[in-house]
Amino acid sequence: MRAIYPGSFDPVTNGHIDIIKRASMLSDELYVAVLTNSDKSQTFSVEERLRFLESVTNEFPNVKIVFFDGLLIDYAKKINADVIIRGLRAVSDYEYELQMAIANKKLCQEIETLFMVSDSKWSFLSSSLVKEIAMFGGDLHGMLPDFIINEVEAKVRRR
Ligand code: PNS
């Protein structure tokens, strides 16, 4: 099975890494795809987000990091993906995820969306929360890999 795990990853958190690890065990090939979410303004450049993802996934041999500037479903079709993986942290995620899954299904019947339940350890965690904590000088240890913490702090301080 070829799976695609799309997101903004702005930046990748320990919650994303947990999903990548678990999804990579379920699939033969897992494409982690950085895409644009037009509802959000991005803090990190595509290059930075790809670099973070490359570093945290180099221990998973069947994981490939990619960027696509367009519709998720077009990229999923292009690589012949069987499934789209999305993580669900809480019921509040569901409404948006359901809408996206149905829209993607309308655009391509053959590709299924599979939801993975986030580990409760990470259910509070999001990239936006991490950036807000950093902005006010809070401790990010345990939320992101250490080398990303330094870069998030440096970036948020500069803004
Ligand atoms: O990590 P996010 O921000 O929740 O990820 C959302 C993302 C990037 C997967 C979504 O916005 C997306 O698929 N963007 C690409 C454009 C697209 O296909 N939009 C959805 C149409 S149903």
Side-chain angles (χ1 to χ4, degrees), residues 1-24 26-27 29-57 60 63-135 140 143-145 148-149 151-152 155-156 159:
M1 180 177 84
R2 180 173 291 166
I4 177 165
Y5 176 44
S8 313
F9 302 110
D10 188 40
V12 62
T13 67
N14 284 350
H16 295 128
I17 297 168
D18 182 56
I19 298 282
I20 293 172
K21 188 173 171 182
R22 289 161 53 204
S24 75
L26 293 175
S27 45
E29 271 181 297
L30 177 68
Y31 282 67
V32 177
V34 173
L35 288 129
T36 305
N37 182 337
S38 55
D39 292 335
K40 296 178 181 167
S41 64
Q42 264 84 57
T43 304
F44 291 93
S45 68
V46 169
E47 290 69 28
E48 287 169 320
R49 288 182 275 154
L50 292 173
R51 177 164 56 81
F52 295 162
L53 281 165
E54 294 280 2
S55 313
V56 298
T57 59
F60 310 125
V63 173
K64 213 174 158 152
I65 308 299
V66 295
F67 165 70
F68 185 68
D69 189 16
L71 280 181
L72 162 61
I73 203 69
D74 287 341
Y75 189 73
K77 281 197 277 195
K78 188 172 126 145
I79 62 164
N80 280 320
D82 300 295
V83 297
I84 296 166
I85 306 270
R86 290 286 286 173
L88 280 182
R89 290 165 300 190
V91 175
S92 51
D93 281 341
Y94 185 67
E95 207 170 328
Y96 169 65
E97 294 300 334
L98 183 67
Q99 185 186 28
M100 217 160 59
I102 294 173
N104 284 327
K105 195 79 189 347
K106 275 248 175 300
L107 295 168
C108 178
Q109 282 294 317
E110 289 74 35
I111 303 178
E112 299 289 346
T113 296
L114 297 187
F115 293 126
M116 290 186 72
V117 176
S118 298
D119 190 311
S120 59
K121 226 161 98 185
W122 311 119
S123 58
F124 71 97
L125 194 55
S126 71
S127 301
S128 325
L129 184 81
V130 155
K131 287 182 278 191
E132 186 162 320
I133 293 172
M135 194 179 294
L140 294 175
M143 300 183 201
L144 308 171
I148 298 182
I149 294 182
E151 297 213 28
V152 172
K155 171 81 77 175
V156 168
R159 283 155 73 88

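Both counts, for ligands and for their atoms, begin at 1 and track the order of listing.
Within the 3.5 Å criterion, the main-chain N or O of S27 finds no donor-acceptor partner in the side chain of R2. Here the side chain of R49 pairs a donor or acceptor atom with the backbone of S8 at under 3.5 angstrom.
The protein atom (non-hydrogen) at minimum distance from atom 1 (O) of ligand 1 is S8 N, 3.0 Å. In this structure, atom 10 (C) of ligand 1 lies nearest to the protein heavy atom M100 SD, 4.0 Å. Protein heavy atom in closest approach to atom 16 (C) of ligand 1: G70 O, 3.5 Å. Nearest to atom 19 (N) of ligand 1 among the protein's heavy atoms is L71 CD2, 4.2 Å. Closest to atom 13 (O) of ligand 1, if we only count protein heavy atoms, is L72 CB, 3.5 Å.
Side-chain contact check for R89 versus W122: every heavy-atom pair is 4.5 Å or farther apart. For the pair I84 and I73, the minimum side-chain heavy-atom distance is below 4.5 Å. Contact of the V152 side chain with the T43 side chain is not registered, since no non-hydrogen atoms from C-beta on lie closer than 4.5 Å.
Counting all heavy atoms, side chain and backbone alike, R86 lies closest to T113 at CG-CG2, 4.5 Å.
Only the side chain of K40 comes within 4.0 Å of ligand 1, counting heavy atoms alone; its backbone N, CA, C and O stay farther away. Residue-level proximity to ligand 1 for R86 is carried by the side chain, the only part with a heavy atom below 4.0 angstrom.
Annotation for ligand 1: atoms under 4.0 Å from non-hydrogen atoms of Y96 are 6 (C), 11 (O). The ligand atoms of ligand 1 that sit less than 4.0 angstrom from a heavy atom of A103 are 22 (S). Contact atoms of ligand 1 toward N37: 2 (P), 3 (O), 6 (C), 11 (O) (distance under 4.0 Å to a heavy atom of the residue). Counting the atoms of ligand 1 from 1 in the order shown, those under 4.0 Å from a heavy atom of T36 are 11 (O), 14 (N), 15 (C), 16 (C). Annotation for ligand 1: atoms under 4.0 Å from non-hydrogen atoms of N104 are 22 (S).
Between F68 and Y75, the ring planes are tilted. Angles from 30° to 60° get that label.
For K78 and D74, the salt-bridge test fails: no basic side-chain N is under 4.0 Å from an acidic carboxylate O.
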